[in-house]
Amino acid sequence: MKIVFATNNQHKLSEIRSILGESIEVLSLKDINCDVDIPETGTTLEENALQKAQYVYDHYHISCFADDTGLEVDALDGAPGVYSARYASMASNSSQTSSTSISSPASHDSEANMTRLLKELGNNNNRKARFRTVIALILKKDVCPCGCTSIKEVHQFEGIVNGEIIRERRGGEGFGYDPIFQPDGYDQTFAELGMEIKNQISHRARATQKLAEFLKK
């Protein structure tokens, strides 16, 4: 089975391909010659994931899935959440962030994002946080009798891993906020645990496992 994952992020591709195994061939946006920066204008992970999958389906007419992931910190009222990838470039108070600044170019600067998050938390002893991934899957099933449109199925899968934000970076593997996120039940951060362990316990792993079980039925 072939399916498109709406990303060119090599870290995500490696994780997904490792989890799904050889029975499902996962293509990237580059593999289908899509070089568009697909908009992510939703205000929730669910909206962004579906928006990206829908773009690929509408333009390439192929089964596809997309994900969106957010780090949700209790003491910051769930921030950075849907804006995790561009947290450092957002206004200092997310509740006061205007629609203009939300749609401004994203920094995707992991170091800057972590620096800001640690600064925002300061000495707060409530370090509880969770990573949450939402996957939107669109399956092309058939073409309607008149040929005017294709028939599709839309599904969503969620994966969550709880943990805490530590006070300084640790570890050299992983990406994003991995060096400052320590999952519950472990004394190491995602960046210290390594990809093999992370791929078994992460938020993306849990959402992808649900996706894989569904696709293999």
Side-chain angles (χ1 to χ4, degrees), residues 7 9-19 40 42-46 48-49 67-97 101-102 104-135 157-211:
T7 189
N9 184 309
Q10 291 303 312
H11 293 293
K12 287 186 177 183
L13 281 167
S14 295
E15 280 189 6
I16 291 286
R17 285 169 173 164
S18 174
I19 294 166
E40 297 179 56
T43 58
T44 66
L45 301 178
E46 289 81 1
N48 277 346
D67 80 321
D68 200 21
T69 293
L71 175 64
E72 301 171 344
V73 181
D74 281 7
L76 301 180
D77 297 323
V82 70
Y83 306 117
S84 294
R86 54 190 187 275
Y87 191 43
S89 64
M90 304 293 289
S92 59
N93 186 335
S94 60
S95 66
Q96 297 175 357
T97 302
S101 61
I102 288 175
S104 62
S107 67
H108 291 270
D109 185 332
S110 295
E111 286 299 318
N113 289 337
M114 284 189 286
T115 295
R116 168 160 182 199
L117 181 62
L118 292 173
K119 181 179 180 181
E120 293 279 351
L121 272 177
N123 292 321
N124 195 316
N125 289 323
N126 179 7
R127 317 294 290 191
K128 291 181 179 179
R130 67 176 187 170
F131 267 120
R132 189 165 69 93
T133 289
V134 174
I135 293 176
F157 309 92
E158 181 186 64
I160 294 172
V161 60
N162 293 303
E164 64 177 16
I165 303 299
I166 62 171
R167 297 179 185 272
E168 58 184 21
R169 298 164 176 78
R170 295 204 316 255
E173 294 194 46
F175 58 98
Y177 295 91
D178 285 357
I180 60 173
F181 182 82
Q182 182 172 296
D184 286 350
Y186 293 83
D187 59 4
Q188 293 178 302
T189 67
F190 269 163
E192 294 175 300
L193 287 171
M195 295 307 293
E196 183 175 352
I197 295 177
K198 182 187 173 184
N199 283 349
Q200 297 173 15
I201 66 170
S202 77
H203 44 294
R204 185 171 294 108
R206 292 172 179 177
T208 304
Q209 189 59 47
K210 294 176 183 177
L211 170 70

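Remember, predicted model here, so these are calculated numbers, not experimental data.
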Inset, instruction - Start with the C-alpha distance between V82 and T44, add both sets of side-chain angles, then the distance that settles side-chain contact (heavy atoms from CB on, under 4.5 Å), and finish with yes or no. - result: CA-CA 6 Å; V82 70; T44 66; 5.6 Å; no

Inset, instruction - Quick one: do L71 and I165 satisfy side-chain contact (heavy atoms from CB on, under 4.5 Å)? Show the steps, please. - result: CA-CA 10 Å; L71 175 64; I165 303 299; 3.9 Å; yes

Inset, instruction - Could you walk me through whether Q182 and R127 pass the side-chain contact (heavy atoms from CB on, under 4.5 Å) test, one step at a time? - result: CA-CA 10 Å; Q182 182 172 296; R127 317 294 290 191; over 6 Å; no

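Listed by chain and residue number, D109, M114, R169 satisfy the side-chain contact (heavy atoms from CB on, under 4.5 Å) test with E111 (two or more places apart in sequence, or in another chain). T7 is linked by a side-chain contact (heavy atoms from CB on, under 4.5 Å) to F5, N9, K12, L13, counting only residues two or more places apart in sequence or in another chain. With sequence neighbours left out, T69 forms a side chain to side chain donor-acceptor pair (under 3.5 Å) with T133, R204. For the side-chain contact (heavy atoms from CB on, under 4.5 Å) test, residues two or more places apart in sequence or in another chain that qualify with P183 are V161, F181, Y186, F190, L193, I201. With sequence neighbours excluded, the residues satisfying salt bridge (Lys or Arg N to Asp or Glu O under 4.0 Å) with R130 are E72.
Note that NE2 of H203 and CZ of F131 are 5.0 Å apart. Values are rounded to the nearest 0.5 Å. Y87 OH to R116 CZ: the interatomic distance, rounded to the nearest 0.5 Å, is 4.5 Å. The line from CD1 of I180 to CG of L118 is 4.5 Å long, rounded to the nearest 0.5 Å.
Checking side-chain atoms of T208 against main-chain N and O of I16 turns up no donor-acceptor pair under 3.5 Å. Side chain of D178 to main chain of E173: no donor-acceptor pair is present (N/O by atom type, distance under 3.5 Å, no hydrogens or angles). The backbone N or O of L117 lies less than 3.5 Å from no partner atom in the side chain of Y177, so there is not a single donor-acceptor pair. Looking only at distances, a side-chain donor or acceptor of N126 sits under 3.5 Å from a matching main-chain atom of K128. A distance-only check finds no donor-acceptor pair linking the side chain of N199 to the backbone of E15 [under 3.5 Å].
The two residues A205 and Q200 have their closest heavy-atom pair at CB-C, 4.2 Å. P179 approaches I166 most closely through the heavy-atom pair O-CD1, 3.6 Å. Among all heavy-atom pairs drawn from E46 and E158, the shortest one is OE2-OE2, 4.4 Å. Between S84 and G70, the closest heavy-atom pair is OG-CA, 3.5 Å.
A heavy-atom distance below 4.5 Å is found between the side chains of D67 and I135.
Both the sub-6.0 Å distance and the 45° axial angle are satisfied by K198 relative to the ring of F175.
Residue pairs satisfying the salt bridge (charged side-chain N to carboxylate O under 4.0 Å, His left out) criterion with at least one member in residues 179-193, sequence neighbours excluded, are listed as follows: R170-E192.
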